[in-house]
Number of protein chains: 2
Amino acid sequence: MSEIHSLMRKKSSGRAETEALLLAAAESVFAEQGFGGATTAAIAKRAGLPKSNLHYYFPTKEALYRAVLANVLEAWLAAAASFDRAASAEQALTAYIEAKMDLARQFPLASRIFASEIMRGAPLVQDFLETTLKAWLAQREPIIDGWIAAGQLRPLSAKTLIYMIWATTQHYADFAHQIKTLNGGHDLSTREFDAAKRQVVETILGGILIERP
Amino acid sequence: MSEIHSLMRKKSSGRAETEALLLAAAESVFAEQGFGGATTAAIAKRAGLPKSNLHYYFPTKEALYRAVLANVLEAWLAAAASFDRAASAEQALTAYIEAKMDLARQFPLASRIFASEIMRGAPLVQDFLETTLKAWLAQREPIIDGWIAAGQLRPLSAKTLIYMIWATTQHYADFAHQIKTLNGGHDLSTREFDAAKRQVVETILGGILIERP
DNA sequence: GTCTATAATCGGATAGAC
DNA sequence: GTCTATCCGATTATAGAC
């Protein structure tokens, strides 16, 4: 029925597509302006739609923001999985750092929205921090402590190590504009980014691994 | 004349004090909400003053934001100085990392405002990035390259190293809320923070220094 | 589902009494 | 210098035609 109808229109290819369009526009505006600074007018304009359409798909600005946040957290969880399923400390941490670097490069907006949300005091992701994130960290700490006990890593705080990894990798998303400016106005090329990724891995692992005799 | 008058009033101890009060309130609101999300009403309320007083001291919201930013950049430059005046790579980098960690702990709001400004695309600090920051980095890169040539450091990109230091240290300011949540709801104690500082220094230096025979 | 028009409120900034 | 009251454009959200 309405399928035929929508096949006849060139624009608005369907509910799912319009929602995705709005979510993408919202992601970029929220990443730039934060929740408070973003306006539904700016989001609608970036999506090329009238403001009222936005409210048809998402009743309120906060509902739209929540939908964007859900995608952000989903991407985070996907990268988190790469920590596991590795035999040695070196393999597990290398895989995790590389996954987080790739995430920062592929989804910089998601990283910025998360950062902005934390700086606001996490009004909407506090539950995620206290349950999912805290549990993830609590499960990895004994693994890291185990590597220390096994003589693979120098004695250190697992939390502090994880914070270093988060900070260093997310920096490439959150401060991409600063990095671009200091790189002569050009974004890092794939080659430059891969070199940075390698150096980050080597510096952190070099700083914590105990050499095998 | 008006001096006597102001001595008789218990509140509003003078122009400088009122300005400082407003700047402090503005700093905390801008750090939480970003430029766009902050409202002059919220800032005035946090300062305990009517909105109109804010506009008496700072004609526009942007003027107030600029004044806050100036303080932020001033603090940044103070910490930057600790890089220099050290004989060895180990001493210089240790001093710099420690200074940046102390800055993050002492002035977390400044760090968050800077981060938020960069994520917006640096509309007001682009000039600082292109001149002061770029020059600072350009002056330090040959120093780091010199340490590599002298066999003090493993071969690496100086820029990538500096980014790691910025990222890791600023994380303790920008993500303090997340760290607090993952620390059982308590901010890091001085002891915990000092331990983190030590581990950050040891990990980075351990990852880049060449052992002296 | 989409659009124009509009209601209702918020927020930056000002007027003018004190 | 400080305060209350207020203007007016911006912003969220809705109404109602198509």
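Chain identifiers are assigned alphabetically (A, B, ...) following the order of the sequence lines, protein sequences preceding nucleic acid strands; residue numbering begins at 1 within each chain.
B/T40 has a side-chain polar atom (N or O) that falls below the 4.0 Å cut-off from OP1 or OP2 of C/dG12.
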Expected list for residues 63-71 of chain A: side-chain donor-acceptor pairs under 3.5 angstrom, two or more places apart:
residue, atom, partner, partner atom, Å
A/Y65, OH, A/E117, OE1, 2.6
A/R66, NE, A/E62, OE2, 3.2
A/R66, NH2, A/E62, OE2, 2.8

Can I get a per-line list of side-chain donor-acceptor pairs under 3.5 Å for residues 44-52 of chain A, giving both atom names and the distance, sequence neighbours left out?
residue, atom, partner, partner atom, Å
A/R46, NH1, A/S28, OG, 2.8
A/R46, NH1, A/E32, OE2, 3.4

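Residue pairs meeting the side-chain hydrogen bond (donor to acceptor under 3.5 Å, both in side chains) criterion with at least one partner in residues 98-107 of chain A, sequence neighbours excluded, are A/K100-A/Q170, A/D102-A/K197. Within the structure, the salt bridge (Lys or Arg N to Asp or Glu O under 4.0 Å) test picks out the following pairs touching residues 130-145 of chain B (sequence neighbours left out): B/D84-B/R140, B/E141-B/K159.
A/H55 has its NE2 atom 9 Å from the C1' atom of D/dT11, to the nearest Å. Separating the CZ atom of A/R15 from the C1' atom of C/dT2 is a distance of 13 Å, rounded to the nearest angstrom. For B/L54 and C/dT14, the CG to C1' distance is 13 Å, given to the nearest whole Å.
A distance-only check finds a donor-acceptor pair linking the side chain of B/Q199 to the backbone of A/S157 [under 3.5 Å].
By the side-chain hydrogen bond (donor to acceptor under 3.5 Å, both in side chains) test, A/T94 is found to be paired with no residue, residues two or more places apart in sequence or in another chain being considered. Applying the side-chain hydrogen bond (donor to acceptor under 3.5 Å, both in side chains) criterion to B/T40, with sequence neighbours excluded, gives no partner residue. For B/D194, there are no side-chain hydrogen bond (donor to acceptor under 3.5 Å, both in side chains) partners at least two apart in sequence or on another chain. Applying the side-chain hydrogen bond (donor to acceptor under 3.5 Å, both in side chains) rule to B/H177 yields the partners A/Q126; only residues at least two apart in sequence or on another chain are considered. Residues forming a ring pair (Phe, Tyr, Trp, His ring centres under 6.0 Å) with B/F83 (at least two apart in sequence, or on another chain): B/Y96, B/W136, B/W147.
Within residues 56-65 of chain B, the residues approaching DNA chain D are B/Y56, B/Y57, by heavy-atom distance under 4.0 Å. The stretch residues 31-39 of chain B comes close to DNA chain C through B/A38, B/T39, each having a heavy atom under 4.0 Å from the strand.
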Protein within reach of the bases, or only the backbone? For nucleotides 4-9 of chain C, mark each nucleotide 5' to 3' as B, S or -, using heavy atoms under 4.0 Å.
B-----

